[in-house]
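See structure below.
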Amino acid sequence: MQELQLFNTLSRKKETFEPLKEGFVGIYACGPTVYGDPHLGHAKSYVSFDIVVRYFRYLGYRVRYVQNITDVGHLTDDADEGEDKMAKQSRIERLEPMEIAEKYTYRYFRDMDRLNVLRPDISPRATGHIPEQISMIKKLVEKGHAYEADGNVYFDVTSLPDYGKLSGRTLDEAEAGARVDVSSDKRNPADFALWKKADESHIMRWDSPWGDGFPGWHIECSAMATKYLGETIDIHGGGLENQFPHHECEIAQCEGAHDAPFVRYWMHNNMITLNGQKMGKSLGNAITLEQFFTGSHDLLSRSWAPGVIRFFLLQSHYRSTTDFSEKALESAETGYINLVSILDVIHQTADAGKDDESGSNPAGKPFDLQKLRDGLHACMNDDFNTARAIGLLFEQLRPLKAVLQSGNTPANISELSEFLVHFCGDVLGIWQPGTAGDGADDLPFDEVMQILLDLRQTARKNKDWGTADRIRDRLAELGIIIEDGPGGSTYKLS
RNA sequence: GGCGACAUGGCCGAGUGGCUAGGCAGAGGUCUGCAAAACCUCGUACGGCGGUUCGAAUCCGCCUGUCGCCUCCA
């Protein structure tokens, strides 16, 4: 198999992936700030990194995937202005900040579970790692990268020559920016806070060598990534909008503290747009996942299944913007249903062939599995191009459906089916074979269905339309659709 | 103002210097007890203007437009 190439934001090029340690991959992705429901933008990001994790596992790597939960409020800017988001939300909902964090953490995972996003191996909370953050700040102060000013601690960006390397900015540019606040006690306007002094009214506060306060925006990720993945990590991911300042500051903190390169490969996913505009919490145009699943939003005419959302996202590349519209979702839905039905037919045929008494069934010309497999691997190895992979699945599997329906079965149908379970199920996460609902996993659902289909086929042969239609109608009531074709009948779940 | 992306057929959306991406929608056809599907065939697109090249949607330049970051944000 050829090498895995991924686009490294640091070099702005596709690079061949080489793990720090043979056979292992450490991945850190910036997680959500839990003061509100997750929306479609979160889904794009975490589905993207879910694919990365799944594909590495598929390739045989041992993956440790760390994704933080930010449960301490960040201010709206780097000066002492703005409001702590957690505090603000807790005031609105009349709950403790930790209740807010708990509530939205729960809802975040609930929605990600629905999207079939695998849970991270470690989901560290910022508030659970205050000592680690403080000790990192102390180290930065000791090494001359940070300084204290009246209970605040700031990172001195001039102490690190290559500050700005990720986002391609220079300090001159930062200073020229009109939005950088100059009125604080920072030495340089571009310096950023590591620790902030808490005033009397601030609820979330911790004791520190610099007095009561709370950590700055960026230090949690540096501290937790280091703790669980080491001083140099393989892959760090996040939304494009975090490239600057968040990720730039993470680099500064880690490289300042450890004198070692922080991240080998930076991956950034692009935005979801709505009418060409970025979808964002603070822009007020975000549609939450819950709203998609229930259809309760002015821009939605109905509800949309999580699988459709996932498929829709995978149909575009993670580094491209994905423009949302119901029309686009609808075409994704139809395409998704069609693809799944092809996969189902393949799986059913393979399954039926397994205990075929005659043993003479799979005799057809073998399917070119090698071509499909190589093609899909090439797509994924090319910076996780799921859009192309899905195109390939349609292209190569669609003709097979006609073959199967005409009663011909390729000799290697079982092998194909098994591969698809892995690729479409384990890697893309868009299909589970024979999903007959909860609790039915260990029941021979396919086999039972086969009996019903056989009975109905006999009835049809005898022109007993009453029985044939009754079977079809009653199954339809249960959400099982029978479709008659020239090569026999198949079923699918509606 | 600084930095950086992107502009593809009705819609969504990949992509490479020369060979059909794919999906959805649309048109025609096949099959069929009925129904519902399904299956087959069909589109020759790449913002504008120059340039490089035997050949560019793909490389370079300019222009136009859209968007992102520079403030919390996936």
Side-chain angles (χ1 to χ4, degrees), chain A residues 12 29-33 35-36 38-49 70 73-79 81-85 164 167-170 172-181 190 217 237-246 268-273 276-283 286 311-312 315-317 319-325 327-336 338-339 341-342 345 379 382 385-395 398-399 401-403 405-406 460 463 465 468-469 472-473 476 481-487 489-490 492:
Chain A
R12 298 173 184 286
C30 288
T33 305
Y35 68 96
H39 55 76
L40 191 57
H42 293 94
K44 168 142 175 128
S45 190
Y46 300 120
V47 166
S48 299
F49 293 111
T70 299
H74 294 151
L75 302 184
T76 48
D77 64 33
D78 205 10
E81 295 166 25
E83 216 171 351
D84 178 321
K85 299 217 156 162
S167 53
R169 280 157 223 265
T170 65
D172 298 346
E173 287 161 8
E175 282 177 61
R179 286 160 160 182
V180 177
D181 178 51
W217 322 342
L240 196 56
E241 81 282 0
N242 278 327
Q243 191 180 339
F244 188 89
H246 186 57
H268 290 97
N269 65 275
N270 218 315
M271 306 289 101
I272 290 281
T273 58
Q277 210 80 33
K278 171 186 164 185
M279 183 181 282
K281 233 182 255 187
S282 47
L283 294 168
F311 185 80
F312 169 70
Q315 265 194 312
S316 63
H317 189 82
R319 278 192 296 112
S320 302
T321 53
T322 304
D323 194 47
F324 159 77
S325 69
K327 200 175 171 189
L329 254 192
E330 204 175 320
S331 68
E333 180 180 60
T334 312
Y336 174 58
N338 287 340
L339 180 62
S341 99
I342 297 170
V345 168
C379 294
D382 183 17
N385 196 332
T386 54
R388 219 167 112 204
I390 289 173
L392 206 68
L393 284 169
F394 273 107
E395 187 186 308
R398 193 156 241 175
K401 195 176 178 186
V403 173
Q405 288 186 340
S406 72
R460 290 178 76 213
K463 299 208 190 300
W465 310 125
D469 289 352
R472 184 172 62 195
D473 293 346
I481 311 297
I482 301 292
E483 289 169 357
D484 298 331
S489 303
T490 57
K492 66 177 183 186

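Quick note on labels: first sequence line is chain A, next is B, and so on, each numbered from 1.
Residue A/S282 is classed as a base contact, given a heavy-atom separation below 4.0 Å to a base. Residue-level contact check: A/E333 touches neither bases nor backbone, having no heavy atom under 4.0 Å from any strand. Backbone-only contact: A/G238 has heavy atoms under 4.0 Å from sugar-phosphate atoms and none from a base. At the heavy-atom level, A/Y336 lies nowhere under 4.0 Å from the strands shown. No contact: A/L329 has no heavy atom under 4.0 Å from any strand.
The base of B/rC73 is paired with the side chain of A/K278 by a donor and an acceptor separated by under 3.5 Å.
In this view, A/F312 satisfies the ring-ring contact (aromatic ring centres under 6.0 Å, His included) rule with no residue, not counting sequence neighbours. In this view, A/T322 and A/K44, A/S316 satisfy the side-chain hydrogen bond (donor to acceptor under 3.5 Å, both in side chains) rule, not counting sequence neighbours. When the ring-ring contact (aromatic ring centres under 6.0 Å, His included) test is applied to A/H317, no partner is found at least two apart in sequence or on another chain. For A/E333, the salt bridge (Lys or Arg N to Asp or Glu O under 4.0 Å) partners two or more places apart in sequence, or in a different chain, are A/R302. Qualifying salt bridge (Lys or Arg N to Asp or Glu O under 4.0 Å) partners for A/R472, counting only residues two or more places apart in sequence or in other chains: A/D469, A/D484. Every residue two or more places apart in sequence or in another chain was checked for a side-chain hydrogen bond (donor to acceptor under 3.5 Å, both in side chains) with A/K281, and none qualifies. By the ring-ring contact (aromatic ring centres under 6.0 Å, His included) test, A/F311 is found to be paired with A/Y336, residues two or more places apart in sequence or in another chain being considered. Applying the side-chain hydrogen bond (donor to acceptor under 3.5 Å, both in side chains) criterion to A/S331, with sequence neighbours excluded, gives no partner residue. With sequence neighbours left out, the salt bridge (Lys or Arg N to Asp or Glu O under 4.0 Å) criterion links A/D323 to no other residue.
Look at A/N242 and you'll find a side-chain N or O under 4.0 angstrom from OP1 or OP2 of B/rC73.
The nearest heavy atom of RNA chain B to A/E330 and to A/T33 marks one nucleotide each, and the one closer to the 5' end goes with A/E330.
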Table of protein N/O atoms under 3.5 Å from nucleotides 39-46 of chain B N/O atoms:
none

Hey, what are the protein-to-nucleotides 14-20 of chain B N/O distances that come in under 3.5 Å?
residue, atom, partner, partner atom, Å
B/rA14, OP1, A/H317, N, 2.7
B/rA14, OP1, A/S320, OG, 3.1
B/rA14, O3', A/N385, ND2, 3.2
B/rG15, OP1, A/N385, ND2, 3.2

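For B/rU52 and B/rA45, the P atoms lie 24 Å apart once the distance is rounded to whole Å. Rounded to whole Å, the separation between the C1' atoms of B/rU66 and B/rC60 comes to 23 Å.
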Query raised in the report: Given the rule that a pair is Watson-Crick or G-U wobble with both distances under 3.5 Å, how would you write RNA chain B in dot-bracket, using | for pairs to a different strand?
Result: (((((((..(((.....[...))).(((((.......)))))....(((((..]....))))))))))))....
